[in-house]
Protein chains: 2
Amino acid sequence: MASADGGPATIETIARRAGVSIASVSRVLNGLGGRPDTVRKVQAAATELGYVPNAMARSLRGGRSGQIAFAMEDIGNPVYVAMVRRIQAVAREAGFRLLLHSTGADREEELRALRSLADRHTEGLIISPIRITQDHLDELRRAVAPVVVIGSLPEGIALDNVRVDSRVGAAMAVAHLAGIGRRRIGFLNGPLDTVPGQARHQGYLDGLGTADLPVDEELVEFGEFRTDSGADAALRLLERVPDLDGLFCANDLIAVGALRALREAGRRVPDDVAVVGMDDTELARVTWPTLTSVGLGSARRGELAAELLVDRLGEGRDREPRWVSVTPELVARESTRS
Amino acid sequence: MASADGGPATIETIARRAGVSIASVSRVLNGLGGRPDTVRKVQAAATELGYVPNAMARSLRGGRSGQIAFAMEDIGNPVYVAMVRRIQAVAREAGFRLLLHSTGADREEELRALRSLADRHTEGLIISPIRITQDHLDELRRAVAPVVVIGSLPEGIALDNVRVDSRVGAAMAVAHLAGIGRRRIGFLNGPLDTVPGQARHQGYLDGLGTADLPVDEELVEFGEFRTDSGADAALRLLERVPDLDGLFCANDLIAVGALRALREAGRRVPDDVAVVGMDDTELARVTWPTLTSVGLGSARRGELAAELLVDRLGEGRDREPRWVSVTPELVARESTRS
DNA sequence: TTGTAGGCGTTATCAT
DNA sequence: ATGATAACGCCTACAA
């Protein structure tokens with residue numbers, strides 16, 4: 001029952017009702033003892049009034065909001081869904097609520113998310129930016145609360161950081177395609193001015209080198225990390241390189257678009273063109289043919305990031321920044337089955 | 001620059017620095033006028049100190065946290081992703097931060113989400129439960145802050161509510177299958193003790209009736225609203241009803257599982273078995289064949305729910321509860337192409 | 001064991 | 001126009 005006297009019950013309401021001071025109420029409610037008699041009266045009053053402590057007052061007083069935030073590009077990308085899921089679980093476990101920032105990869109939005117730490121509504125932030133500008137670095141440096149970055153950071157940034165070497169992952173993809181005898185291996189990349197775009201491009205070149213395949217700029221197309229963009233890019237590539245027999249896509253969304261484009265263009269997968277995606281999202285199991293993809297441990301990265309943050313907000317307040325990493329793993333499916 | 005004197009800058013710090021009272025600082029910072037001279041001094045001090053108002057203090061004082069929450073079953077389901085996306089957008093637009101509760105369809109978790117409104121860390125809640133127990137109703141009734149329910153509510157509950165008639169949607173699916181000449185139309189449903197499970201079951205029966213097809217209990221299988229469960233159910237159904245030629249799945253996840261099972265069982269889609277899903281999620285465009293699905297406007301429902309909540313937290317504080325609904329829409333794709 | 005009182009950082013009221 | 005002061009609800013010395 002809410003109190004009849006207007007607003008919700010407060011320790012003051014309870015104190016009056018129980019005939020004790022607010023201090024006693026607070027103590028009892030926080031299990032700090034008291035005379036049995038007092039305890040009983042307070043608990044009775046609290047129950048009758050349906051008392052629930054005001055989280056805002058607690059936060060203000062305690063200097064801790066009990067909230068952390070996760071900023072990502074777009075929850076529409078299954079990679080982030082996987083991350084959010086695990087982050088949510090770890091956060092809840094540790095008693096934190098989770099806030100979501102969808103930035104749309106907009107630089108301003110990302111910076112806003114970082115800056116918003118300053119108002120202390122959130123105790124810490126996990127951020128996964130695909131571009132890292134000087135502004136980002138400045139803002140990261142002057143962040144007033146712990147930040148964990150998912151994604152590769154330049155040397156010398158003293159921040160908790162969860163990374164995965166997607167350059168190696170990309171090379172694995174190319175090696176896999178070369179391994180099943182493909183010679184004309186195309187690459188559908190995202191924007192080259194993004195961290196993943198850059199790394200995967202390097203990895204693609206590495207992979208070609210290792211497989212002793214010539215580098216041919218004709219084989220590379222750029223677009224956004226999205227399905228529609230992937231389909232368009234695939235069509236452009238097919239037009240230009242009719243004898244394509246392998247295709248590495250910089251993420252699963254692009255790969256899904258590519259599969260569609262290939263089908264529309266009458267190419268069989270994997271017989272004519274074998275395809276490899278990246279991120280090993282849930283999508284990879286749903287397409288037809290199912291998609292071979294290089295997993296980058298997104299769920300695991302989310303989990304690790306959350307654990308780092310939670311630790312730093314508790315025990316590990318003053319520890320050195322930690323850089324942890326996850327190993328890419330190729331999961332072979334029908335799209336490269338010989 | 002943060003102030004050197006320990007903690008972050010407060011209006012107090014600024015006041016000292018500018019040589020005015022905290023009241024003046026507050027006024028200037030909130031644009032409530034002041035002598036040009038004073039304004040200048042305060043603004044200068046605030047900038048130099050890198051002042052950012054403490055959100056917790058503001059919330060406590062103002063009685064508003066600027067936060068709303070969304071509670072859903074599992075962010076892994078694309079239906080909720082679509083909702084979250086729009087909710088996030090509307091919330092941000094209105095100046096609210098968004099908190100996420102993943103309940104795993106656990107009754108206790110859902111109730112906890114509802115009860116957590118009591119601590120005022122959140123101003124309102126959007127909840128999308130698939131089961132509505134008496135406990136839910138009790139808790140909804142005594143909720144201390146505005147709640148918007150996405151999903152059908154029993155009569156007589158005075159709450160903002162966004163619904164879609166998935167019974168009609170299910171009937172549309174069956175009608176569509178019958179319309180392309182299918183006679184043995186199976187149904188893979190979720191649990192019958194859920195609101196959607198119940199409604200879709202009714203709709204399935206409605207559809208058969210309208211198409212003058214006999215009701216045959218053999219044609220119905222139950223499972224969870226998940227892909228793996230859908231695959232299992234499909235196999236059971238195929239075993240029992242070899243002459244199946246149409247299949248309605250209670251959501252896209254089930255349908256994705258069914259498509260896989262059908263392929264493994266050597267049935268061609270749509271030639272042997274035509275398939276219709278429900279929710280028209282992003283998955284429907286990604287499968288092969290692409291999936292005909294009955295859209296239930298999940299993005300739109302999320303948007304409407306957020307708008308209702310935001311309105312009630314502002315202008316519409318005292319208006320009557322509103323029930324808005326969205327119309328199902330069948331999107332035909334390859335899985336039912338004749 | 002208990003109560004009084006101060007303070008967390010704001011905003012808003014009320015004199016001046 | 002400005003400053004002192006009282007809340008908002010909670011926790012916690014400190015004093016009794």
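Throughout, protein chains are lettered first and strands after them, A, B, ... in sequence-line order, and every chain is numbered starting at 1. What you see below is based on every heavy atom in this structure, not just the backbone, and it leaves out hydrogens, waters and symmetry mates.
- When rounded to the nearest whole Å, the span between CE of Met56(A) and P of dC10(D) equals 12 Å.
- The interatomic distance linking Glu12(B) (CD) with dG6(C) (P) rounds to 16 Å, in whole Å.
- For His136(B) and Glu110(B), the side-chain atoms include at least one donor-acceptor pair closer than 3.5 Å.
- The side chain of Arg58(A) contributes an N or O atom lying less than 4.0 Å from OP1 or OP2 of dC11(D).
- Between Ala23(A) and Leu60(B), the residue anchored closer to the 5' end of DNA chain D is Leu60(B), taking for each the nucleotide with the nearest heavy atom.
- Atom CE in Met72(B) sits 9.5 Å away from atom OG in Ser128(B) (nearest 0.5 Å).
- For the OP1/OP2 pair of dG9(C) and a distance below 4.0 Å, the side-chain nitrogens and oxygens of Thr10(B) include no atom meeting the criterion.
- Spacing between atom CD1 of Ile14(B) and atom C1' of dG3(D) amounts to 17 Å, rounded to whole angstrom units.
- Residue-to-nucleotide contacts include no donor-acceptor pair under 3.5 Å from the side chain of Arg61(B) to the base of dG9(D).
- Put simply, CD1 on Ile11(B) is 12 Å from C1' on dT5(D), counting in whole angstrom units.
- Note: NZ (Lys41(A)) to C1' (dT2(C)) measures 11 Å, nearest angstrom.
- For Asn30(A), a side-chain nitrogen or oxygen approaches OP1 or OP2 of dC11(D) to under 4.0 Å.
- In this structure, the separation between CG on Leu98(A) and CG on Leu100(A) is 6.0 Å, given to the nearest 0.5 Å.
- A donor-acceptor pair shorter than 3.5 Å cannot be found between the side chains of Asn77(A) and Glu73(A).
- Counting to the nearest Å, the C1' atom of dT5(D) and the CZ atom of Arg27(B) are 12 Å from each other.
- Between Arg120(B) and Ile22(B), the one whose closest nucleotide on DNA chain D sits nearer the 5' end is Ile22(B).
- Residue Thr10(B) holds its OG1 atom at 7.0 Å from OH of Tyr51(B), rounded to the nearest 0.5 Å.
- Between dT2(D) and Arg35(B), a contact under 4.0 Å exists linking OP1 or OP2 to a side-chain N or O.
- One atom, CG of Asn54(B), and another, P of dG7(C), lie 17 Å apart when rounded to the nearest Å.
- As judged by a 4.0 angstrom heavy-atom cut-off over every strand, Ser24(B) is placed among residues touching the sugar-phosphate backbone only.
- Residue Arg64(A) contributes atom CZ, which lies 18 Å from atom P of dC10(D) at whole-angstrom precision.
- The phosphate of dA4(D) has neither OP1 nor OP2 within less than 4.0 Å of any side-chain N or O from Ser21(B).
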